[in-house]
2 protein chains.
Amino acid sequence: MKAKKRVTIYDIAKKLNVTPSSVSRALNNSSYVNETTKKLILKTAEEMNYKRNTLASNLRRGQSKTIGVVVPRINQNFFANVIAGIEEITYKKGYNIIICQSGESYEKEVQSVNTLINQHVDCIVISISVDTEDYKHLQNVIDHQIQLIQFDRVAEELETLKVINDNEQASFEAVSHMISQGYRRIALLEGPQTLNIFRQRKNGYLQALAKHQMPVIDELIAQNAWTKELGATATRQLLSLSNPPDAIFASTSDFSALGVLEVANSMNFKVPQELGICGYSNENFSEITSPSITTIDQFSVYMGKTIANLFFQESENLQVETIPKVISIKPKLIARSSTEKNQQ
Amino acid sequence: MKAKKRVTIYDIAKKLNVTPSSVSRALNNSSYVNETTKKLILKTAEEMNYKRNTLASNLRRGQSKTIGVVVPRINQNFFANVIAGIEEITYKKGYNIIICQSGESYEKEVQSVNTLINQHVDCIVISISVDTEDYKHLQNVIDHQIQLIQFDRVAEELETLKVINDNEQASFEAVSHMISQGYRRIALLEGPQTLNIFRQRKNGYLQALAKHQMPVIDELIAQNAWTKELGATATRQLLSLSNPPDAIFASTSDFSALGVLEVANSMNFKVPQELGICGYSNENFSEITSPSITTIDQFSVYMGKTIANLFFQESENLQVETIPKVISIKPKLIARSSTEKNQQ
DNA sequence: CTGTTAGCGCTTTCAG
DNA sequence: CTGAAAGCGCTAACAG
């Protein structure tokens, strides 16, 4: 193993009979270096296949030009898209992103956050796991003067930058839409109420009912139905009631809506005539089921871009204390066949 | 902005009246330090909320415990899953991953690779973009003694570690399956032939035809049909032929297969009776279309794990020259309704 | 087991 | 404009 060393600025300096400082300056495009020698240095660096050691540079500068992202899972459309959005912006600015998955586990989330602190990232972007109920690790991020941006699933009590969806409004609109289509017994599949997003969606549901003077019926609210399987199980129960619902709002995801659709089919409930279905998230499959599923688009890629832009804005504006900002993105209801009771 | 400095090993050393070396040793769980003081140091570090500066540590050690991953897009199921698989393994070993997207652009791919070299990553995992036709940047990785692992879309001529799918075999099986179902004029939607995976899939198609003494009909091979839209366009042409195909193998992806399905529906071709359809990749939606789409599962998460394990194996076995290894994963045909001609 | 010392590669004052 | 020198925080020889 011949450890052929990498080319450093010293090698370039020696070859050109200048000092490392000058090389460094040239490489950083400083104006304090003769134009001619600058060009020469750049050319030589290229020729010698020099690659800057970002580690050393960052250590010296005390920043890493790196952003850490912690999400429950990256192979979920929503998160993958948010990350893609973030990356699109950060890439242009020469920033890297380090991605960690919490896998919905509190411990892994804490460990991920710690790794990112160790890495001296300039910013941590996080959507907390369903398991997360205390926020010491997030407070720690702040204590280490690292910019913290929460998105989607946020710890509301923590005063940080936040980029969220207006879940309540979206949910309100979805349920209102179902009501206007003529559905009268609308069930709700809700997610773990530890997560703010699921609480908000439930609120939207309740408000829509209230607005239209419709009663809240306890047996029509299914808790913890946030996967396809759990959604299916809940649906079996709901449709077995003596007085079953005529619509189900799967507020947790399109996956649970899919579970609803499959059970409805197997139990011979006609969708949308006998049972309306609305999901959440606009997964790519919701458009192509039969019938296609009404859902809510969260503009996930845009959300990612917003997060990245927010970070750069904040880091450029070097004010004494930045006011915690909350950016709320309004999701959009996408009405499809699964709620077309009227037209049938 | 009170730049409250971070706690360093010096702070701990001073407080405890030991040397930084001892602190370092304790923190690295070295045996060359008294058990009692080790415990004391660890406790104090915890109390002072010390976080190791990985940058400094890595600079000193000359490695970064970081793996760089370059993929065309992360919001594609296949890649997201591979990354999830990689992350699952690397996480346990205390390694981080940095993710870059090439967006199918050669320039961005080169830039991403360079960034990763700068970052002194220990390994670069890459699936090349469709645009990539020269491999200087990859050679560069090797020249910088960074482990290079190619996966899925690989530059075959480069002697590196590779983790691939046996596309040819999978494709062969898919087409054979369609033949055995009774389809006789099977069209192929092929992808850009610059990518090895698409060449292999075409080969598999050709071999299956040959094996069953079926002619290769040029007008049934549609080039560059590798998105849903392009697949749809190609299908419109194919189905307008005076002698249209009775099956279409969308070898590029389930997305193009979806395009096929939609056009078939709109042109009133009955699937699977009048037109069989087979896709590739087992996207989550392919199961729930009507009819469900026959496809090929690539074991993407497993592939990711394989890649990560390969890296650790190689880095542990410090042999003089490692032989370039190629791990081929056998994908699995998932026969669904869209090719059930027989049963109808 | 512990301390001393040097230095990873780069940037940044401070002089000139 | 350029050079000298110090040091980011940590680790690893080398002595003791």
Side-chain angles (χ1 to χ4, degrees), chain A residues 3-42 45 48-66 94 115 117-122 144-145, chain B residues 3-42 45 48-66 94 115 117-122 144-145:
Chain A
K4 203 169 50 182
K5 295 280 285 282
R6 285 197 187 211
V7 180
T8 71
I9 54 171
Y10 288 94
D11 301 323
I12 302 177
K14 202 174 290 170
K15 184 157 192 174
L16 259 37
N17 244 317
V18 291
T19 52
S21 327
S22 296
V23 178
S24 171
R25 283 193 268 258
L27 257 20
N28 287 303
N29 200 21
S30 151
S31 54
Y32 296 118
V33 57
N34 184 307
E35 265 305 318
T36 333
T37 52
K38 184 194 278 189
K39 277 194 189 117
L40 181 62
I41 290 171
L42 258 26
M48 295 176 77
N49 198 10
Y50 166 81
K51 301 277 173 203
R52 155 194 267 128
N53 185 333
T54 319
L55 254 43
S57 167
N58 289 342
L59 174 61
R60 181 58 231 254
R61 288 188 150 123
Q63 54 141 40
S64 63
K65 285 206 159 204
T66 300
T115 311
I117 296 178
N118 291 352
Q119 288 278 348
H120 273 229
V121 295
D122 297 337
H144 282 273
Q145 356 256 85
Chain B
K4 205 169 49 183
K5 296 279 287 283
R6 285 196 187 211
V7 180
T8 72
I9 54 171
Y10 288 95
D11 301 323
I12 301 177
K14 202 174 289 171
K15 185 157 192 175
L16 258 38
N17 242 318
V18 291
T19 52
S21 331
S22 297
V23 178
S24 171
R25 283 193 270 258
L27 258 20
N28 287 303
N29 200 20
S30 151
S31 53
Y32 298 119
V33 58
N34 185 305
E35 265 305 317
T36 332
T37 52
K38 183 194 278 188
K39 278 197 187 111
L40 181 62
I41 289 170
L42 258 27
M48 295 174 78
N49 199 10
Y50 166 81
K51 301 277 174 204
R52 155 195 266 127
N53 185 334
T54 318
L55 253 43
S57 169
N58 290 342
L59 174 61
R60 182 58 230 252
R61 286 188 150 123
Q63 54 142 40
S64 63
K65 284 206 158 202
T66 301
T115 310
I117 296 178
N118 291 352
Q119 287 279 348
H120 272 229
V121 295
D122 297 337
H144 281 274
Q145 358 255 86

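Throughout, a chain's letter reflects where its sequence line sits, starting with A, and its residues are numbered from 1.
Residue B:Arg25 contributes atom CZ, which lies 11 Å from atom P of D:dT11 at whole-angstrom precision. Counting to the nearest Å, the P atom of C:dC1 and the NZ atom of B:Lys38 are 9 Å from each other. Taking atom CG of A:Leu59 as the reference point, atom P of D:dT11 lies 12 Å away to the nearest angstrom. If you take CG of A:Asp11 and P of C:dG9, they are 9 Å apart, rounded to a whole angstrom. If you take CD1 of B:Ile41 and P of C:dG3, they are 9 Å apart, rounded to a whole angstrom. Rounded to an integer number of Å, the gap from A:Asn58 CG to D:dC10 P is 15 Å. Whole-Å rounding puts the B:Ile9 CD1 to C:dT2 P distance at 15 Å. Atom CG of B:Asn118 is separated from atom P of C:dG9 by 14 Å (rounded to the nearest Å).
For A:Asn49 and A:Arg6, the side-chain atoms include no donor-acceptor pair closer than 3.5 Å.
Set against C:dG3, D:dT11, D:dC10, the side chain of B:Ser24 has D:dT11 as its closest nucleotide. Residue B:Ser22 has its side chain nearest to C:dG3 when only C:dG9, D:dG3, C:dG3 are considered. Of the candidates D:dG3, C:dC10, D:dG9, the closest approach to any side-chain atom of B:Arg60 belongs to D:dG9.
One donor-acceptor pair, N or O on each side, does fall under 3.5 Å between the base of D:dA4 and the side chain of A:Ser21.
Under a 3.5 Å cut-off, the side chain of B:Asp11 and the backbone N or O of B:Thr8 do form a donor-acceptor pair. Panel note: side chain B:Thr36, backbone B:Asn34; no donor-acceptor pair is recorded below 3.5 Å. A donor-acceptor pair under 3.5 Å is absent between the side-chain atoms of A:Ser64 and the main chain of A:Asn58, judged by distance alone. Between the side chain of B:Lys38 and the backbone N or O of B:Ser30 there is at least one donor-acceptor pair closer than 3.5 Å.
At a non-hydrogen distance threshold of 4.0 Å, A:Asn28 from residues 26-37 of chain A come into contact with DNA chain C.
A:Asn53 is not listed as a side-chain neighbour of B:Asn118, based on a closest heavy-atom distance of 4.5 Å or more.
In terms of phosphate contacts, A:Thr19 brings a side-chain nitrogen or oxygen within less than 4.0 Å of OP1 or OP2 of D:dG3. Taking side-chain N and O atoms only, B:Tyr10 has no distance below 4.0 Å to OP1 or OP2 of D:dT11.
Among all heavy-atom pairs drawn from A:Tyr50 and A:Ile9, the shortest one is OH-CG2, 3.6 Å.
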